[in-house]
Structures are given as structure tokens and as C-alpha cells.
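Order of listing sets the numbers, starting from 1, for every ligand and every atom in it.
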Amino acid sequence: MTAIPQISPERLPELLQRMPKAELHIHIEGSLEPELIFELARRNAVSIPYSSVEELRKAYAFSNLQSFLDIYYAGASVLLQEQDFYDMAWAYLKRAQADNVLRAEIFFDPQTHTARGVAMETVVKGLHRACQDARGQLGVDAELILCFLRHLSEAEAFETLEQALPFRDKFIGVGLDSSEVGHPPEKFARVFAKCRQQGLHLVAHAGEEGPPAYVWAALDVLKVERIDHGVQSAKDPALMQRLAQQRIPLTVCPLSNLKLCVFPKLADHNLRQLLDAGLCATVNSDDPAYFGGYMNQNFSETFGALGLEARHAWQLAANSFEASFVDAATRRGYMDRLGAAFEQFA
Ligand code: HPA
Ligand code: ZN
């Protein structure tokens with residue numbers, strides 16, 4: 001690690017805000033704010049079972065992953081036109097810019113939309129156009145990662161991949177999300193093998209609620225490059241050693257883990273333990289419209305609850321660039337900007 005300037009604790013919130021960072025675990029459908037859900041419902045004449053923004057927000061009290069997913073899929077039902085997907089992604093990208101996110105690798109769930117009769121082309125083109133505009137207009141490098149829904153079948157995942165391959169140039173990788181327990185990574189071994197042949201980057205949610213065995217399988221069977229969440233890995237010392245030695249990134253989402261009751265309190269979160277063990281852990285927002293915060297909210301609340309310091313901030317930002325799917329020159333550019341931001345606080 002390079003020398004981290006001495007930074008007083010009072011200036012930590014400002015540092016966390018101004019620090020350049022990458023976001024690697026954001027479901028774009030999870031960035032859909034209640035206000036935009038209502039606007040799109042009106043625009044598309046879709047009825048939703050809530051009478052107001054306030055009533056919808058009140059329903060955001062979750063007890064586990066599934067209780068969230070039920071509402072999350074209902075919220076996405078208002079997305080029909082290419083412009084809807086653009087508007088959703090653009091709103092997120094503006095928020096990301098405000099949080100000094102230089103790079104965003106954005107998950108999308110095409111099966112949530114194709115199951116309702118929305119064409120793959122509509123989804124991908126709307127999201128991709130927003131990513132292109134973000135580069136020029138916001139200075140945010142944004143790329144897409146297509147996620148397969150693991151509660152659906154292998155055959156449906158293959159069908160989704162077939163529908164997406166004509167747009168191969170518009171996404172950089174694939175992931176695996178939705179209900180984890182009971183849907184181990186092995187179910188998608190052949191789909192991921194095919195994606196690998198296509199030269200796509202591979203990631204998967206594992207060890208959010210599921211056991212360490214799912215993290216092992218994501219690594220050894222799916223051959224993923226990053227683990228999304230992965231916090232349950234701390235229960236398995238041999239796995240922790242593997243993750244540390246191979247610098248396999250974990251895209252950790254503290255406020256998500258709090259809201260979905262993975263940890264009872266933020267102060268109980270194991271982020272510090274993961275960093276102390278030498279893992280390439282990162283901080284991300286997951287589904288910011290549902291979990292109470294975008295990137296900087298995740299940083300500031302987690303730092304407050306765990307008593308983390310400037311050196312952790314530097315490590316987490318550096319990890320986010322190390323873990324991002326960029327070329328070496330781009331990564332060096334991000335790291336230079338990180339160093340410059342810290343210098344300003346020296
Ligand atoms: N876990 C699994 N699936 C998801 C999540 C998550 O945190 N967010 C959106 N889909
Ligand atoms: Zn997620």
C-alpha cells in the first residue's frame with residue numbers, strides 16, 4: 001500500500017464523498033425510485049397495487065432476500081419502452097456521478113422483462129444508450145452485466161443467452177442473482193461455460209444468505225472472477241485463505257445486508273474482518289432505491305458503525321479499481337485520481 005496521508009477523523013465524511021471509486025454491484029432495477037415507478041406506471045398505463053409513493057415506500061420493510069425480491073420484481077413491472085430503461089439508468093448514473101463513481105458495472109435482469117413480453121432489444125438498447133451518454137456527459141464509465149435469474153431453469157437461462165447474443169457488444173459479462181438458497185451455482189455450470197467461450201466476464205452472487213459451499217462452487221464450477229456479496233465466506237477459514245491468496249474480489253453491500261437481515265446491526269457487519277484478512281473487499285449499493293442509500297451513504301454509514309479510518313477508505317477504493325473489468329492503463333488513471341484526492345486532504 002502507498003503511504004496514506006494523516007487525515008483527521010472530522011474530515012473523513014468529506015473524504016468518503018470526494019474519493020473516486022468504482023461501483024461493481026448495482027442492479028439497475030434496484031435503482032428505480034418510487035417516484036419514477038409512479039411516473040412510468042402513469043406513462044405506460046400500468047396499474048400497481050399501491051396508491052402513493054409514501055405507501056410504496058412503507059412496504060420496503062424486509063425480513064430476508066425473498067421478501068425484498070417479491071417487491072423488487074413488482075416495481076420493475078412498469079418498465080415497457082426503451083426510453084423507460086434509459087430513464088432508469090440515466091437517473092442512477094447521475095447519482096453515481098454525484099458520489100464520485102468513476103466506473104459503474106451495472107447488473108440488469110432481462111428475464112424480469114422478457115417474461116412480460118418486453119423484447120431483449122428494448123431492454124439492452126435503452127440501458128446501453130444511457131451508458132454511452134454517461135461517458136460523454138457525466139464522465140462516468142459505465143458497462144452492463146447481464147444476470148440470469150437463478151430461481152428459473154437452466155433452459156430459460158440458455159434461451160436468455162441466445163436472445164442476448166445479437167447484442168454481445170453491449171454487455172461485458174454475465175452474473176447470477178435472485179433467490180440464492182436452493183439454487184446452487186452448479187445449476188448453471190453449462191450456461192456459464194458457454195458464456196466463458198464467448199469471452200464474457202463471469203461473476204455470481206454467492207454467500208449472501210447461502211453457505212460457503214456456494215462460494216466454492218461459484219469459483220470452481222462457474223469459474224467466476226468476482227463474488228457478489230460473499231460475506232458468508234467468513235464462516236470458512238480455508239475459503240477465506242483462498243479468497244485472500246488469489247485476490248478474488250467480493251462486492252460487499254453493507255446497507256443491503258442490513259435491510260435484508262443478513263447482519264442484525266451494521267455494527268455487526270464483517271467488512272472490517274474481510275479487509276483485515278487481506279481480501280479484496282469492495283463497498284457497493286446493490287439496490288439503492290430499496291435499501292436506503294447509494295454509494296456514499298453505504299460508505300458513510302458503514303464507516304460510522306464500524307469505526308473505519310482513512311486507510312480503509314483508500315483500500316476500499318483501490319480494491320474497487322483493482323476488481324473492475326478495465327484495462328491496465330485505465331486502472332492506473334483511476335489510481336492516479338485516487339492518489340490526487342487523498343493528497344488534497346493531507
Ligand atoms: N441478491 C440476489 N438477487 C438480487 C439482489 C440481491 O442482493 N438484488 C437484486 N437481485
Ligand atoms: Zn445483488
* Asked: side chain to side chain donor-acceptor pair (under 3.5 Å) between Glu156 and Ser153: does it pass, once the steps are laid out?
  -> CA-CA 5 Å; Glu156 286 164 299; Ser153 68; 2.9 Å; yes

* To do: May I ask you to check if any N/O/S atom from His27 comes under 2.8 Å of the Zn ion (ligand 2)?
  => yes

* Val215 and Val203: same hydrophobic cluster, using ILVMFWY side-chain contacts below 4.5 Å? -> no

* Atom of Asp286 nearest the Zn ion (ligand 2) (restricted to N/O/S, atom name only) -> OD1

* Geometric cation-pi criterion Lys187 and Phe148, 6.0 Å radius, 45° cone -> no

* Whether over 12 other heavy atoms sit under 6.0 Å from Arg129 CZ -> yes

* Mode of Leu69 contact toward ligand 1 - side chain, backbone, both, neither (heavy atoms, under 4.0 Å) -> side chain

* Distance from atom 3 (N) of ligand 1 to nearest protein heavy atom, with residue and atom -> Ser178 N, 2.8 Å

* Give the atoms of ligand 1, by number and element, whose distance to some non-hydrogen atom of His229 is under 4.0 Å. => 6 (C), 7 (O)

* Just which atoms of ligand 1 are under 4.0 Å from any heavy atom in Asp287? -> 5 (C), 8 (N), 9 (C)

* What residue and heavy atom of the protein are closest to atom 7 (O) of ligand 1, and at what distance? -> Asp286 OD2, 2.7 Å

* Indicate, with yes or no, if the rings of His205 and His183 have centres closer together than 6.0 Å. => no

* To do: Could you give me the CA-CA distance, side-chain angles and deciding distance for Phe108 and His27, then say whether ring-ring contact (aromatic ring centres under 6.0 Å, His included) is met?
  => CA-CA 6 Å; Phe108 68 110; His27 301 263; over 10 Å; no

* To do: Write out the residue and atom name of the closest protein heavy atom to atom 5 (C) of ligand 1, then the distance separating them to 0.1 Å.
  => His27 NE2, 3.5 Å

* What distance do Phe342 atom CZ and Arg311 atom CZ have between them, rounded to the nearest 0.5 Å? -> 12.0 Å

* Asked: Counting only heavy atoms, which portion of Phe68 has something under 4.0 Å from ligand 1: side chain, backbone, both, or neither?
  -> side chain

* Which atoms of ligand 1 have any heavy atom of Leu65 under 4.0 Å away? -> 1 (N), 2 (C), 6 (C)

* To do: Using the six-membered ring wherever Trp is involved, compare the ring planes of Tyr92 and Tyr294 and label them parallel, tilted or perpendicular (cut-offs 30° and 60°).
  => parallel

* Residue pairs fulfilling salt bridge (charged side-chain N to carboxylate O under 4.0 Å, His left out) with at least one residue in residues 318-338, sequence neighbours excluded -> Arg247-Glu322

* Asked: Hey, which N, O or S atom on His205 ends up closest to the Zn ion (ligand 2)?
  -> NE2

* Structure fact -> atom 1 (N) of ligand 1 has as its nearest protein heavy atom Glu208 OE1, 2.7 Å

* **Heteroatom test (N, O or S) for His229 near the Zn ion (ligand 2), limit 2.8 Å** => no

